[in-house]
Asks: 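Take a look at this one; I'll ask things after.
Per chain, numbering begins at 1; letters A, B, ... match sequence-line order.
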Number of protein chains: 2
Amino acid sequence: MNKSTVSKENIRQKRTRDKVINLAMHALAKNPKASLNDIAEAAEVGRATLFRYFKSRKQLIHELVIEADNKLENATRPIVEKKLNARDTLEEFIKVLVPLGASFHFLNSEQLHSEGSGIDDLYSNQLMRLKELSIRLQAEKVVAANIPLAWIAVVLDNLIYAAWVTVLEGDIAPNDAPGLVLYSFLNGLSPH
Amino acid sequence: MNKSTVSKENIRQKRTRDKVINLAMHALAKNPKASLNDIAEAAEVGRATLFRYFKSRKQLIHELVIEADNKLENATRPIVEKKLNARDTLEEFIKVLVPLGASFHFLNSEQLHSEGSGIDDLYSNQLMRLKELSIRLQAEKVVAANIPLAWIAVVLDNLIYAAWVTVLEGDIAPNDAPGLVLYSFLNGLSPH
DNA sequence: CCCACATGATACACAAAAGTATCACAAAAA
DNA sequence: TTTTTGTGATACTTTTGTGTATCATGTGGG
C-alpha cells in the first residue's frame, strides 16, 4: 500500500463521509427523532456503512455537531477578520448564516437534550459569536441601548432560523431572505 | 358510590391528570425525544399511572396537543371577540401568548414529525390565527405592504417563542417580555 | 376505625432501535 | 483480467422503550 493508493482511497471514503454528514444533518434537523434507519436512508447509504464511519449513534451526533460548528466558524471567521463596523458585520453574518440554517439549527437544538458530550463548548462558541456581535452592535449604537443583550442575540438567532425555514418551505425567495432578516431586525415590520 | 364520592374522586383524578398534562408538555417541549420513563419522572408520577390515564404514548401526545390548542384558543378567543383594531389585537395576543410558550412551542414542534393523527387540523388552527392576524396587520397598515405574508407570521411566531425561552432562562423579566416582542416586531432593535 | 381506591413499584411480554458479523458484489487499482 | 477494497444486504444479538398485569401501600371519606 503506497502513498498514492492511500490518498485515492481516502478520496473515495471522504466523499461518502461528507455525503453522510451533510444529508444526516439535514435529516436530523428536520426530525430530531430520526432513527439510524431513517438517517441511513436519507444519507443514501446502507445502515452498515453508517456504523463503518461512526461507531455509535452518539459519535455520529458528536461529529455532526463538530462539523456544524466548523461550517459556522469557517463562514464567520473571514467576516470577523475584515474588521468592518458592527452594522456591516451584521449584514455579512446574516448573509452567510441564513443558508447555513441546517447547521445553525442543528447546533442549537442538539445541545438542549445533548446526546453526547463536549457539545456544550461548541455551542457556547456559536452563542459567543452572536453575543459578541450583539455587544458591538450596541456599543456602536446600531442597536438601542435599552435593549437587553440576551434579547438581541436571541432575536438574531431566531430571525436567521426563521428565514431558513421559510425559504425551505418555499414561501420566500432565497435571495430575499437575508435582506428581510436584516430589515426586520433593525427596523421591524411597520411602515416607515 | 354516591354523587359526592364520585365528584370528590373526580377532583383527585383531575388534579393528577392536569399535573401530568402540564409537566409532560413541559418535558416534551424541552426534549421531543423524551421516553415515557422520562415523562413519568418529569410529571412526578409512576409510569403505571401514565398508562392509567392514557392508553398509549400516541394518545398521550394527542391529548397534549388538544390541551395545548385549547389553552391557546381560550387565551386568544376573548381577544378576537373584543374586535379591537389590528394593532391592539396584536398587543393583546403577544401578552397572552408569551406565557403560553410551552403550549405554543409544543404544538409547533409536534406537527412536523407528527406522532399521531388529527394533529394537522389543530396545528392549522394555530397557524391560522397568526395568519389571520398578519393579514389584518397588513390591511390596516400596521405592517408594511411589501412584507411577505408568510414572513410576518413566522417572525411573530419566533419572537413569541424566543421571548418565552429567554424568560425561562432568566435573562429577561417576565413582565418585560411582551413589550420587547411588540417593540421588536414593529420597530426592530435600532434606535429611533 | 375501616373501606374504597388511586398510586407506585415491580415483574413481565413484546416491539423497535442500536449495534455486530458476515458475505456477495461492484468499482477502481494493479 | 485479477485483486483489492468500499459498499449494501442480510441475519443476528443486545439494549431500550412500550404496553400489560399484579400487588402492596397510603390516603381520604364514611
Asks: Nearest nucleotide by nearest heavy atom, which residue falls closer to the 5' end of DNA chain C, Arg52(A) or Arg52(B)?
Replies: Arg52(B)
Asks: Please state how far atom NZ in Lys33(A) lies from atom P in dA17(C), giving the value in whole angstrom units.
Replies: 12 Å
Asks: Counting N and O atoms only, with roles assigned by atom type, does the side chain of Ser103(B) sit under 3.5 Å from a partner on the main chain of Ala68(B), one being a donor and the other an acceptor?
Replies: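 No; judged by distance alone, with no hydrogens or angles, the pair does not exist.
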Asks: Mind calculating the distance between NZ (Lys14(B)) and C1' (dT7(C)) to the nearest angstrom?
Replies: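 Rounded to the whole Å, the gap is 19 Å.
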Asks: Would you tabulate the nitrogen or oxygen pairs shorter than 3.5 Å linking the protein to nucleotides 17-19 of chain D?
Replies:
unit_1: dT18(D); atom_1: OP1; unit_2: Arg57(B); atom_2: NH1; d: 2.8
unit_1: dT18(D); atom_1: OP2; unit_2: Leu36(B); atom_2: N; d: 2.9
unit_1: dG19(D); atom_1: OP2; unit_2: Arg57(B); atom_2: N; d: 2.8
unit_1: dG19(D); atom_1: N7; unit_2: Arg47(B); atom_2: NH1; d: 3.3
unit_1: dG19(D); atom_1: N7; unit_2: Arg47(B); atom_2: NH2; d: 3.4
unit_1: dG19(D); atom_1: O6; unit_2: Arg47(B); atom_2: NH2; d: 2.8

Asks: What is the separation between atom CD on Glu44(A) and atom C1' on dA9(D), rounded to the nearest whole Å?
Replies: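 Taking CD of Glu44(A) and C1' of dA9(D), I get 17 Å after rounding.
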Asks: When you measure from the side chain of Thr16(B), which nucleotide among dG8(C), dT7(C), dA9(D) comes out closest?
Replies: dT7(C)
Asks: Using a cut-off of strictly less than 4.0 Å, decide whether Tyr53(B) has a side-chain nitrogen or oxygen near OP1 or OP2 of dA6(C).
Replies: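 Checking Tyr53(B) against dA6(C): no side-chain N or O falls below 4.0 Å of OP1 or OP2.
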Asks: Measure the distance from CD on Glu41(A) to P on dA9(D) and round it to the nearest whole Å.
Replies: 11 Å
Asks: Under 4.0 Å, counting only non-hydrogen atoms across every strand here, what does Gln59(A) touch: a base, just sugar-phosphate, or nothing?
Replies: nothing
Asks: Does dG8(C) have OP1 or OP2 under 4.0 Å away from a side-chain N or O of Thr49(B)?
Replies: yes
Asks: Is Arg87(B) paired with Glu140(B) through a side-chain N to carboxylate O contact shorter than 4.0 Å?
Replies: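 No.
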Asks: Quickly work out the Phe54(A) CZ to dG6(D) P distance and round it to whole Å.
Replies: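 About 15 Å, once rounded to whole Å.
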Asks: Check this for me: does any side-chain nitrogen of one of Arg47(B) and Glu41(B) sit under 4.0 Å from a carboxylate oxygen of the other?
Replies: no
Asks: Do NZ/NE/NH1/NH2 and the carboxylate oxygens of Arg136(A) and Glu132(A) come within less than 4.0 Å?
Replies: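 Looking at Arg136(A) and Glu132(A), the cut-off is not met.
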Asks: Quick one: sort the His105(B) and Trp164(B) rings into parallel, tilted or perpendicular, breaks at 30° and 60°.
Replies: tilted
Asks: His26(B) versus Phe106(B): any side-chain heavy-atom pair under 4.5 Å?
Replies: no
